[in-house]
Participant: 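Okay, handing you the structure first.
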Amino acid sequence: QVQLVESGGGLVQPGGSLRLSCTASGSILRRYAIGWYRQAPGREREGISCISADDDETIYGESVKGRFTISRDNDKNMVYLQMNNLEPEDTAVYYCSTLFTLICNSAMVVPQHNYWGQGTQVTVSS
């Protein structure tokens with residue numbers, strides 16, 4: 001089955017930075033658009049960024065635009081999320097996943113499948 005693994009989270013002060021990584025078994029990360037999603041306590045899971053399979057398109061949620069950067073390295077079977085100028089509102093568990101499409105969904109709809117990793121906790125606090 002498809003298995004994704006997120007890493008790189010941690011505790012950071014407001015204004016700090018973190019770099020999240022996503023990898024998976026097989027070729028899923030190389031073949032499909034990959035999105036980053038997050039879920040804060042008491043809130044629904046939301047899409048925050050996506051990168052297309054051929055790396056010619058990236059999209060971002062309004063709340064993270066200008067602060068987060070998604071990238072991929074297909075040779076290393078990795079997708080990254082560089083997070084700068086972190087805010088307390090960014091505190092959440094972060095996940096990567098895919099809709100099994102080549103291009104991103106402009107609405108960053110949350111996948112309704114079960115292909116999620118354990119997520120990585122990002123906590124932004126003084």
Side-chain angles (χ1 to χ4, degrees):
Q1 61 179 353
V2 177
Q3 185 172 5
L4 298 102
V5 179
E6 304 91 349
S7 62
L11 175 64
V12 65
Q13 294 183 344
S17 298
L18 286 171
R19 187 196 192 201
L20 306 184
S21 299
C22 171
T23 190
S25 60
S27 61
I28 181 173
L29 293 186
R30 298 188 297 273
R31 294 175 60 192
Y32 299 111
I34 301 296
W36 282 98
Y37 309 83
R38 68 185 182 186
Q39 187 165 19
R43 302 186 64 181
E44 295 183 356
R45 192 168 299 186
E46 63 173 336
I48 57 172
S49 189
C50 179
I51 186 166
S52 61
D54 59 2
D55 199 16
D56 66 350
E57 179 191 34
T58 58
I59 60 173
Y60 300 91
E62 195 66 32
S63 63
V64 306
K65 191 174 300 182
R67 299 187 298 119
F68 291 8
T69 302
I70 191 170
S71 62
R72 66 192 305 154
D73 186 340
N74 286 348
D75 291 337
K76 296 182 178 179
N77 199 36
M78 299 287 287
V79 176
Y80 307 100
L81 185 68
Q82 179 67 45
M83 306 185 296
N84 298 326
N85 298 315
L86 285 162
E87 305 168 352
E89 292 76 16
D90 296 317
T91 296
V93 179
Y94 285 71
Y95 305 87
C96 61
S97 192
T98 182
L99 292 168
F100 300 101
T101 59
L102 298 180
I103 61 175
C104 296
N105 182 283
S106 61
M108 288 181 288
V109 62
V110 177
Q112 297 301 303
H113 54 59
N114 291 320
Y115 299 136
W116 303 93
Q118 293 183 344
T120 185
Q121 176 71 50
V122 172
T123 302
V124 185
S125 175
S126 299

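Residue indices begin at 1 and follow the sequence shown.
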Participant: Salt bridge (Lys or Arg N to Asp or Glu O under 4.0 Å) with Glu87: which residues, sequence neighbours excluded?
Facilitator: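 Glu87 satisfies salt bridge (Lys or Arg N to Asp or Glu O under 4.0 Å) with Arg67 once adjacent residues are dropped.
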Participant: Parallel, tilted or perpendicular: which fits the ring planes of Tyr94 and Phe68, with parallel below 30° and perpendicular above 60°?
Facilitator: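 Ring orientation of Tyr94 relative to Phe68: tilted.
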Participant: Could you measure the distance from the CD atom of Gln39 to the CD atom of Glu46? Nearest 0.5 Å is fine.
Facilitator: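 Here the interatomic distance stands at 9.5 Å.
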Participant: Tell me, do Arg38 and Asp90 make a side-chain contact under 4.5 Å, heavy atoms counted?
Facilitator: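 In contact.
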Participant: Is it possible for you to say whether Tyr60 and Leu86 belong to one hydrophobic cluster, with membership spreading through side-chain heavy-atom contacts below 4.5 Å?
Facilitator: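 The answer is yes; both residues are in one hydrophobic cluster.
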Participant: Please round to the nearest 0.5 Å and tell me the distance separating atom CH2 of Trp36 and atom SG of Cys50.
Facilitator: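 Spacing of CH2 (Trp36) from SG (Cys50) equals 12.5 Å.
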Participant: Are the side chains of Cys22 and Leu4 in touch, meaning some heavy atoms are under 4.5 Å apart?
Facilitator: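 Contact flag for Cys22/Leu4 side chains = yes.
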Participant: If I compare all heavy atoms of Ile103 with all of Ser52, which pair ends up nearest, and what's the gap?
Facilitator: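 So the two residues come closest at CA-CB, 4.3 Å.
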Participant: Look up atom CD in Gln3 and atom CD in Gln118, then write down how far apart they are to the nearest 0.5 Å.
Facilitator: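 The CD atom of Gln118 is 8.5 Å from CD of Gln3, to the nearest 0.5 Å.
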Participant: How long is the span from the OG1 atom in Thr69 to the CE atom in Met83, to the nearest 0.5 Å?
Facilitator: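 Reported to 0.5 Å precision, the distance equals 11.0 Å.
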Participant: Around atom CG of Asn114, are there more than 12 heavy atoms of other residues, nucleotides or ligands at under 6.0 Å?
Facilitator: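 Counting neighbours around CG of Asn114, 12 or fewer heavy atoms of other residues, nucleotides or ligands fall under 6.0 Å, so no.
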Participant: May I ask you to test the Met108-Ile59 pair for a side-chain heavy-atom distance under 4.5 Å?
Facilitator: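 In short, these two side chains touch, coming nearer than 4.5 Å.
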Participant: What closest approach, in Å, do Tyr37 and Ile48 show between heavy atoms, and which atom pair accounts for it?
Facilitator: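 So the minimum-distance heavy-atom pair works out to N-CG1, 4.2 Å.
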Participant: Is there a side-chain contact between Leu11 and Gln121, using heavy atoms and a 4.5 Å cut-off?
Facilitator: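 A side-chain contact is absent here, since even the closest heavy-atom pair is not under 4.5 Å.
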Participant: Less than 4.5 Å apart, any side-chain heavy atom of Leu81 and any of Ser49?
Facilitator: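 When only atoms from C-beta onward are counted, Ser49 and Leu81 do touch, with a gap below 4.5 Å.
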Participant: CD/Glu57 to CD1/Ile70 distance, rounded to the nearest 0.5 angstrom?
Facilitator: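 Taking CD in Glu57 and CD1 in Ile70, the distance rounds to 10.5 Å.
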Participant: Considering non-hydrogen atoms only, spot the tightest contact between Thr91 and Pro41 and give its length.
Facilitator: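 That would be O-CD, 4.5 Å.
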Participant: Strictly distance-based, threshold 3.5 Å: is any side-chain N or O of Ser97 a donor or acceptor partner for the main-chain N or O of Tyr115?
Facilitator: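 Present.
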Participant: Start with the C-alpha distance between Phe100 and Tyr32, add both sets of side-chain angles, then the distance that settles ring-ring contact (aromatic ring centres under 6.0 Å, His included), and finish with yes or no.
Facilitator: CA-CA 6 Å; Phe100 300 101; Tyr32 299 111; 5.4 Å; yes
Participant: Does Glu6 use its side chain to pair, donor to acceptor, with the backbone of Tyr95 at less than 3.5 Å?
Facilitator: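 Between the backbone of Tyr95 and the side chain of Glu6 there is no qualifying donor-acceptor contact (under 3.5 Å).
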Participant: If only atom types and distance count, is the side chain of Thr23 paired as donor or acceptor with the main-chain N or O of Asn77 below 3.5 Å?
Facilitator: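 Yes, Thr23 side chain to Asn77 backbone: donor-acceptor pair under 3.5 Å.
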Participant: List the steps and the verdict of side-chain contact (heavy atoms from CB on, under 4.5 Å) for Leu20 and Val122.
Facilitator: CA-CA 9 Å; Leu20 306 184; Val122 172; 4.1 Å; yes
Participant: Which distance, rounded to the nearest 0.5 Å, do you find between the OG of Ser17 and the CG of Asn84?
Facilitator: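 Rounded to the nearest 0.5 Å, the OG-CG separation comes to 3.5 Å.
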